[in-house]
K.L.:
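My structure is below; once you've seen it, I'll send some questions.
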Amino acid sequence: MPAKIIDGKALSLSIREQMKSEAERFETTFGRKVGLAVIKVGANPASEVYVRNKIKACEDVGVRSFSYNLPEEIAESDVMDLIDELNANESVDGILVQLPLPKTINEKKVLARILPEKDADGFHTLNAGGLMLGLPCTKPCTPAGIIELIKSTGVAIAGKNVVVIGRSNIVGKPVAMLLLSENATVTICHSRTVDLKSHTLNADILVVAVGIKEFVTGDMVKDGAVVIDVGMNRADGKLYGDVNYPEAVEKASFITPVPGGVGPMTVTMLIKNTIESAFRCKEN
Ligand code: GUN
């Protein structure tokens, strides 16, 4: 029997409904909307789409967005000045700098400049460290969305063998930490892993975040596995995941489609982080 589809779009919409009322509650209590600043530098085509989706989601939920489209050749110091200004702006609860940045700008320095309490993406060292230590922190959006998607299947995470393919700071490493805190047995595989298939065939839950079109083929998927495909690979005018969907759907019990799986959840978690930051800042 083919896998059940994990509908990230539907799950996103239902979470956004709850967030709408949270955003409204913030506005009635504190007399202003929750605010998210979105900074994009240059004109990366993928970033254009992601940023547009993030701003649209703000509008849908009733969060005010402050959008900055900065030119490719902007000086790093000007980006830092803008972040300082937004850190001090009381109408801004969350700040996000869309990655990747142009090579002339030091990504680590820019991300470190955002106040940890306004770090909507959870990329600041203090938030990354908090995740590692199990302290309260803002969690990165794609990993947090992946956990929600897995939980929506009703399949328990505790005790399961989970294989994560990919070790990026944005997805692979943080999702592994979140899965570990859900009591999974987690293996992180990457480009230097020897005999990848021997690992993936042992995975009750397989999370793929490598950025290579249809990298995981059906023969690499354990029968009945839950497959989460984080890939967004554009080719011949279409979007492809990191998993060969037609093959994997015949092996898995649940699978996320591309598009309509992880992508919408990433955006939803960003808005959730921003609303939570807004309340935290007022209540502390
Ligand atoms: N680039 C790719 N994914 C992300 C993300 O989740 N947040 C930001 N800021 N940039 C990204």
Side-chain angles (χ1 to χ4, degrees), residues 3-20 36 38 40 44-61 63 65 67 94 96-100 120-123 138-153 164-166 168-176 178-179 205-216 226-246 248-249 252 254-275:
K4 293 200 178 88
I5 292 166
I6 310 174
D7 187 344
K9 215 169 157 185
L11 183 60
S12 259
L13 286 176
S14 78
I15 298 174
R16 284 186 202 182
E17 278 308 309
Q18 296 160 27
M19 290 190 318
K20 252 186 214 169
L36 173 67
V38 180
K40 180 171 68 64
N44 177 313
S47 293
E48 303 273 346
V49 177
Y50 297 147
V51 163
R52 209 181 311 131
N53 289 343
K54 289 170 185 180
I55 290 170
K56 164 89 172 38
C58 284
E59 281 166 16
D60 290 349
V61 172
V63 167
S65 62
S67 176
L96 118 85
V97 177
Q98 188 64 31
L99 303 179
D121 262 321
F123 291 166
T138 300
K139 298 181 177 66
C141 307
T142 302
I146 290 171
I147 299 297
E148 295 299 322
L149 287 164
I150 298 171
K151 287 186 173 171
S152 76
T153 65
V164 177
I165 315 180
S168 71
N169 290 336
I170 295 183
V171 184
K173 282 190 249 178
V175 81
L178 288 176
L179 288 159
I205 301 172
L206 180 61
V207 179
V208 192
V210 285
I212 301 172
K213 175 179 172 259
E214 297 180 327
F215 177 78
V216 167
V226 175
V227 176
I228 306 291
D229 187 349
V230 187
M232 296 264 238
N233 308 292
R234 267 160 243 275
D236 38 85
K238 273 177 65 186
L239 206 54
Y240 293 85
D242 289 350
V243 175
N244 183 317
Y245 186 89
V249 79
F254 291 93
I255 188 167
T256 57
V258 176
V262 173
M265 286 300 287
T266 294
V267 180
T268 297
M269 292 298 124
L270 172 74
I271 310 290
K272 186 162 182 264
N273 280 349
T274 307
I275 296 174

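Side chains included, hydrogens not; waters and symmetry mates left out as well; all remaining heavy atoms used. Treat the numbers as computed from the prediction; the structure is a model and nothing was measured.
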K.L.:
So that I can tick it off, tell me whether Glu59 and Lys56 are bridged by a salt bridge, with the cut-off set at under 4.0 angstrom between side-chain N and carboxylate O.
P.N.:
no

K.L.:
Measuring from Arg16:CZ to Leu11:CG, what's the distance to the nearest 0.5 Å?
P.N.:
10.5 Å

K.L.:
Can you tell me how far CD of Glu148 sits from CG of Leu178, rounded to the nearest 0.5 angstrom?
P.N.:
10.0 Å

K.L.:
For the residue pair Leu99 and Phe123, establish whether any side-chain heavy-atom pair is separated by less than 4.5 Å.
P.N.:
yes

K.L.:
Side chain to side chain contact (heavy atoms under 4.5 Å, CB included) with Val171: which of Val164, Val208, Thr142?
P.N.:
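Answer to the side chain to side chain contact (heavy atoms under 4.5 Å, CB included) test with Val171 among Val164, Val208, Thr142: Thr142.
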
K.L.:
Check whether any side-chain heavy atom of Asn273 sits under 4.5 Å from a side-chain heavy atom of Cys141, and report yes or no.
P.N.:
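Side-chain contact under 4.5 Å: yes.
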
K.L.:
Would you say Gln18 and Lys272 are linked by a side-chain donor-acceptor pair, where the criterion is simply a distance under 3.5 Å?
P.N.:
no

K.L.:
So which of Thr266, Val243, Val262 actually passes side chain to side chain contact (heavy atoms under 4.5 Å, CB included) with Val230?
P.N.:
Val262

K.L.:
Could you go step by step and tell me if Ile150 and Leu179 meet the side chain to side chain contact (heavy atoms under 4.5 Å, CB included) rule?
P.N.:
CA-CA 10 Å; Ile150 298 171; Leu179 288 159; 4.0 Å; yes

K.L.:
Can you check whether Pro140 reaches Ile170 side chain to side chain, under 4.5 Å on heavy atoms?
P.N.:
no

K.L.:
Can you tell me how far apart CD (Glu48) and NZ (Lys40) are? Round to the nearest 0.5 Å.
P.N.:
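Between atom CD of Glu48 and atom NZ of Lys40 there are 3.5 Å.
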
K.L.:
Below 4.5 Å, heavy atoms only, C-beta onward: do Ile15 and Met265 meet side chain to side chain?
P.N.:
yes

K.L.:
Can you see which heavy atom on Met269 is nearest to which on Gly145, and at what distance?
P.N.:
CG-N, 3.5 Å

K.L.:
Give me the one residue out of Val216, Asp229, Ile165, Val207 that meets side chain to side chain contact (heavy atoms under 4.5 Å, CB included) with Asp242.
P.N.:
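So, applying the side chain to side chain contact (heavy atoms under 4.5 Å, CB included) to Asp242 and each of Val216, Asp229, Ile165, Val207, only Asp229 qualifies.
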
K.L.:
State, with a plain yes or no, whether a side-chain heavy atom of Val227 is found less than 4.5 Å away from one of Phe254.
P.N.:
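They are not in side-chain contact.
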
K.L.:
Ile228 and side chain to side chain contact (heavy atoms under 4.5 Å, CB included): which partner among Ile255, Val175, Thr256, Ile147?
P.N.:
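Of the listed residues Ile255, Val175, Thr256, Ile147, the side chain to side chain contact (heavy atoms under 4.5 Å, CB included) partner of Ile228 is Thr256.
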
K.L.:
What's the shortest heavy-atom distance between Ser67 and Ile55, and which atoms?
P.N.:
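Closest approach of Ser67 to Ile55: OG-CD1, 3.4 Å.
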
K.L.:
Does a side-chain heavy-atom distance below 4.5 Å link Thr153 with Ile6?
P.N.:
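SC-SC contact between Thr153 and Ile6 confirmed.
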
K.L.:
How many angstroms lie between atom NZ of Lys213 and atom CZ of Phe215, to the nearest 0.5 angstrom?
P.N.:
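It is 14.0 Å, given to the nearest 0.5 Å.
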
K.L.:
Applying side chain to side chain contact (heavy atoms under 4.5 Å, CB included) to Met232 and Tyr240, what does each step give before you reach the verdict?
P.N.:
CA-CA 6 Å; Met232 296 264 238; Tyr240 293 85; over 6 Å; no

K.L.:
What are the two closest heavy atoms between Thr268 and Ser12, and how far apart are they?
P.N.:
OG1-OG, 2.9 Å

K.L.:
Quick check for you: to the nearest 0.5 Å, what is the distance between Met19 atom CE and Leu13 atom CG?
P.N.:
10.0 Å

K.L.:
Taking the side chain as everything from C-beta on, heavy atoms only, tell me whether Pro259 gets closer than 4.5 Å to Pro264.
P.N.:
no

K.L.:
Taking the side chain from Asn233 and the backbone from Gly241, do they hold a donor-acceptor pair closer than 3.5 Å?
P.N.:
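A pair under 3.5 Å: yes.
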
K.L.:
How far does CG of Asp60 sit from CG of Asn53, to the nearest 0.5 angstrom?
P.N.:
10.0 Å

K.L.:
Does the side chain of Glu214 come within less than 4.5 Å of Tyr245's, by heavy atoms?
P.N.:
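Heavy-atom side-chain distance check fails, nothing below 4.5 Å.
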
